[in-house]
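Worksheet for the structure shown next.
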Amino acid sequence: MSHKEDNEGKRSCHRTDLYANIPRTCLPIVYHPDYNITFMGLEKLHPFDAGKWGKVIHFLKEEQFITDGNIVEAREAAEEDLLVVHTRRYLNRLKWSLVVATITEIPPLLFLPNFLVQRKVLRPLRTQTGGTIMAGKLAVERGWAINVGGGFHHCSSDRGGGFCAYADITLAIKFLFERVEAISRVTIIDLDAHQGNGHERDFLDDRRVFIMDMYNRYIYPGDGYAKRAIKRKVELDWGTEDSEYLQKVELHMEGTLNEVLPDVIVYNAGTDILDGDPLGGLSISPQGIIKRDEIVFRAAKRRGIPILMVTSGGYQKKTARIIADSILNLHRQGLIGGEAVEGEGSSSLVTHMMCSPASAGSTSTAV
């Protein structure tokens with residue numbers, strides 16, 4: 001991979017705040033209000049709902065599944081964290097507003113000073129990236145974890161695209177390989193409507209990573225080079241509906257896990273497969289999405305494999321409600337939840353403080 005040379009001489013394990021210890025009082029659900037992008041309405045120029053992550057949390061609170069006190073507060077990935085995968089040259093290119101405008105597909109960003117672009121656009125994406133890395137560790141510790149954001153599967157070590165500026169999936173996996181002794185094999189289940197060419201490019205020659213990718217064959221990115229990394233490729237036609245889709249998910253999920261039993265699954269759970277999505281081109285119902293997630297989590301639980309879920313693409317206002325409903329269904333089915341209970345008499349404030357990662361200098365060292 002092209003980033004190897006650029007990162008030559010870098011220590012394999014640096015000090016990081018992203019692997020701090022999280023108390024058992026917290027559910028392994030990772031989020032921060034900084035995930036949401038709001039900046040003079042410019043975010044509305046892209047079909048992506050740049051506030052959907054906060055809406056998911058709102059719905060989960062309404063259903064009394066979570067509180068501010070029992071979810072894990074994400075931290076922003078620092079430059080040293082990003083350099084585990086990204087080239088320094090690529091990170092320097094993000095200091096040009098033109099480059100960020102191209103990656104996010106929001107042309108007016110071109111005309112803004114880069115310090116504003118960094119603060120209002122890239123910082124939220126770095127915080128979501130930090131959240132995915134944190135959720136990777138939590139998944140191994142707790143058996144499951146959900147980053148309410150993340151899933152930037154079009155970004156690789158040295159190039160971004162499709163609203164993806166940082167390679168959070170690759171980063172989470174590389175962190176696990178470097179820092180958790182028990183992790184030597186990872187399976188990526190990518191069920192976003194688009195091909196996950198970013199992580200595919202990053203793991204093209206890495207036999208430790210098995211990739212199953214199921215996507216609309218006719219849409220972006222159509223990256224033939226990256227497809228060489230897919231071990232189980234499922235290409236869908238325009239307008240694929242629930243029955244065919246869910247049958248294929250179940251068949252290929254079972255086939256994937258029967259072929260290689262991984263130490264952890266990274267599940268890219270895009271909701272852009274929803275009927276009417278302006279970019280996905282598929283016709284899956286909300287109930288179909290909820291069932292899809294249940295199939296994936298049930299297959300993992302049956303085999304005792306830890307699973308990390310990220311939410312990835314989804315370009316309709318109603319996708320936030322569907323993501324929340326899916327998480328609630330996973331809980332009802334006994335596939336997630338139940339591990340974290342607030343201490344008797346503990347206040348929301350105290351629990352919230354406990355659920356923030358430990359401060360640097362205590363437990364935030366290399367594992």
Side-chain angles (χ1 to χ4, degrees), residues 46-50 52-53 102-106 125 128-129 132 147 149-157 159-173 187-204 209 211-242 244-246 248-249 252-253 256 266-285 288-289 292-293 296 308-316 318-320 322-323 326:
H46 191 282
F48 196 89
D49 179 4
K52 79 171 182 179
W53 308 286
T102 303
I103 290 171
T104 59
E105 300 167 353
I106 305 174
L125 300 183
Q128 292 191 43
T129 296
T132 300
N147 181 16
F152 305 131
H153 66 157
H154 298 308
C155 187
S156 60
S157 64
R159 70 184 212 177
F163 203 76
C164 303
Y166 302 106
D168 69 315
I169 291 174
T170 305
L171 279 159
I173 293 170
T187 290
I188 299 171
I189 305 293
D190 196 333
L191 300 185
D192 187 274
H194 301 81
Q195 176 200 350
N197 62 321
H199 58 74
E200 288 161 9
R201 283 175 170 264
D202 286 333
F203 292 118
L204 192 62
V209 180
I211 298 174
M212 169 185 158
D213 199 349
M214 185 163 154
Y215 55 88
N216 183 339
R217 72 176 77 213
Y218 299 109
I219 61 174
Y220 176 90
D223 190 336
Y225 177 78
K227 286 180 184 179
R228 295 162 50 205
I230 305 173
K231 302 296 194 299
R232 186 169 283 254
K233 179 172 62 179
V234 188
E235 296 190 323
L236 303 172
D237 292 319
W238 290 108
T240 298
E241 296 181 349
D242 284 17
E244 177 188 351
Y245 181 83
L246 293 173
K248 286 184 174 179
V249 170
H252 292 286
M253 185 77 195
T256 292
V266 178
Y267 172 36
N268 198 46
T271 45
D272 50 2
I273 63 171
L274 182 65
D275 186 26
D277 189 279
L279 301 181
L282 302 176
S283 300
I284 309 305
S285 70
I289 292 175
R292 173 199 69 174
D293 294 349
V296 174
L308 157 63
M309 171 176 154
V310 290
T311 57
S312 202
Y315 306 93
Q316 298 183 74
K318 53 189 171 183
T319 59
I322 296 167
I323 293 168
S326 180

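Note that the structure is predicted; figures quoted are calculated from it, not measured. Just so you know, these numbers use all the heavy atoms, side chains as well, and skip hydrogens, waters and symmetry mates.
Residue K52 holds its NZ atom at 10.0 Å from CD1 of I322, rounded to the nearest 0.5 Å. With rounding to the nearest 0.5 Å, the separation of CG in D272 from OG1 in T319 is 9.0 Å. Of the inter-residue distances, the one linking I211 atom CD1 with I188 atom CD1 reads 4.5 Å to the nearest 0.5 angstrom. Here the straight-line distance linking atom CD1 of I169 with atom OG of S156 works out to 12.0 Å at 0.5 Å rounding. One distance of note links OH of Y215 with CG of D192; it measures 12.5 Å at 0.5 Å rounding. The CD1 atom of I273 sits 4.0 Å away from atom CZ of R292, with the distance rounded to the nearest 0.5 Å.
Judged as a ring-ring contact (aromatic ring centres under 6.0 Å, His included), and not counting sequence neighbours, the contacts of H154 are H194, Y220. In this structure, the side-chain hydrogen bond (donor to acceptor under 3.5 Å, both in side chains) partners of K248, at least two apart in sequence or on a different chain, are E244. Listed by chain and residue number, V85, H86, C155, T170, D202 satisfy the side chain to side chain contact (heavy atoms under 4.5 Å, CB included) test with A167 (two or more places apart in sequence, or in another chain). For S326, the side chain to side chain contact (heavy atoms under 4.5 Å, CB included) test picks out I290, D293, with sequence neighbours left out. Partners of K231 by side chain to side chain contact (heavy atoms under 4.5 Å, CB included), not counting sequence neighbours, listed by chain and number: F210. Taking S285 as the reference, D242, Q287 meet the side chain to side chain contact (heavy atoms under 4.5 Å, CB included) condition, with sequence neighbours excluded.
Across S312 and G151, no two heavy atoms sit closer than the pair OG-O, 2.9 Å. Contact detail for N147 and L308: the closest heavy-atom pair is N-CD1, 4.5 Å. Here the closest heavy-atom approach between residue I103 and residue G160 is recorded as CG1-C, 3.9 Å. The two residues A226 and L204 make their nearest non-hydrogen contact at O-CD1, 4.3 Å. Taking all atoms of both residues into account, the shortest heavy-atom contact from G150 to D168 is CA-OD2, 3.3 Å. Heavy atoms only, all atoms of each residue included: F152 and F163 are closest at CD2-O, 4.4 Å.
Taking the side chain as every heavy atom from C-beta outward, W238 and I219 approach each other to under 4.5 Å. Counting only heavy atoms from C-beta outward, the side chains of I323 and T271 approach each other to under 4.5 Å.
Sequence neighbours left out, the pairs with a member in residues 211-229 that pass salt bridge (charged side-chain N to carboxylate O under 4.0 Å, His left out) are R159-D223, R201-D223, R217-E235, R217-D237, K227-E235.
In the model, D190 has a side-chain atom that pairs as donor or acceptor with a side-chain atom of H199 under 3.5 Å.
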side-chain contact (heavy atoms from CB on, under 4.5 Å) between M214 and V249: does it pass, once the steps are laid out?
CA-CA 8 Å; M214 185 163 154; V249 170; 3.6 Å; yes
For side-chain contact (heavy atoms from CB on, under 4.5 Å), just list the numbers for I289 and L274, CA-CA rounded to whole Å, side-chain angles, deciding distance to a tenth of an Å, and then say yes or no.
CA-CA 7 Å; I289 292 175; L274 182 65; 3.9 Å; yes
List the atom pairs, donor and acceptor, that lie under 3.5 Å between side-chain atoms in residues 275-283 and the rest of the protein, sequence neighbours left out.
from: D277; atom 1: OD1; to: L279; atom 2: N; distance (Å): 2.9
from: D277; atom 1: OD1; to: G280; atom 2: N; distance (Å): 2.9
from: D277; atom 1: OD2; to: Y315; atom 2: N; distance (Å): 2.9

